[in-house]
Amino acid sequence: MIVSGGNNYVVRVWNLGNQMVSVFQGHEGGVQAVAFADYNQQPIVVSGSADGTVRLWDLAGDLVTAPIDLISKVRALSSATSNLQLATS
């Protein structure tokens, strides 16, 4: 699977056949960073935005937690897939 985000504030998940399988909406700024991670032994998508939030989504498109508000825009993020550890910049 591939995850993408863009200046239209939307996160999308694609299968390897180039078919969109999920759409996540909720950011109020361009999505500048995306990653896959594990949360409670389930795969999730993590997105970071110019709106200063990090959001965790299940693959059905629902938020796993409330948005995480940061001090500034999120330009990059990295995750450890074995447990929920995130780094942002």
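The structure presented is a predicted model; accordingly, all values stated were derived computationally and were not measured. All residue numbers refer to positions in the sequence shown, counting from 1.
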Calculate, to the nearest 0.5 Å, the distance between atoms CE and CG belonging to M20 and N15 respectively.
10.5 Å

Determine the minimum heavy-atom distance between G29 and S49, stating which atoms define it.
O-OG, 2.9 Å

V31-L59 co-clustered via ILVMFWY side chain contacts under 4.5 Å:
yes

Heavy atoms, side chains only, cut-off 4.5 Å: are P43 and F36 in contact?
no

Would you say T53 and V74 make side-chain contact, with heavy atoms under 4.5 Å?
no

Given the rule that I, L, V, M, F, W and Y join up when any side-chain heavy atoms are under 4.5 Å apart, are Y39 and V46 in one cluster?
yes

Minimum-distance pair of heavy atoms, taken over all atoms of H27 and S47
NE2-OG, 2.7 Å

Does V23 belong to the same Ile/Leu/Val/Met/Phe/Trp/Tyr cluster as W14, with side-chain heavy atoms less than 4.5 Å apart forming each link?
yes

Could you state whether I68 and L77 fall into the same hydrophobic cluster, counting links through intermediate Ile, Leu, Val, Met, Phe, Trp or Tyr residues with side-chain heavy atoms under 4.5 angstrom apart?
yes

Any R55 side-chain heavy atom under 4.5 Å of F24 side chain:
no

What is the distance from atom CD of E28 to atom OH of Y9, rounded to the nearest 0.5 Å?
8.5 Å

Rounded to the nearest 0.5 Å, what separation is found between the CG atom of D51 and the OG atom of S72?
11.5 Å

Closer than 3.5 angstrom, by distance alone: can the side chain of S22 be matched with the main-chain N or O of R12 as a donor-acceptor pair?
no

Can you tell me which residue among D58, L56, V11 is in a side chain to side chain contact (heavy atoms under 4.5 Å, CB included) with V45?
V11

Contact check, side chains of I44 and W57, non-hydrogen atoms, under 4.5 Å:
no

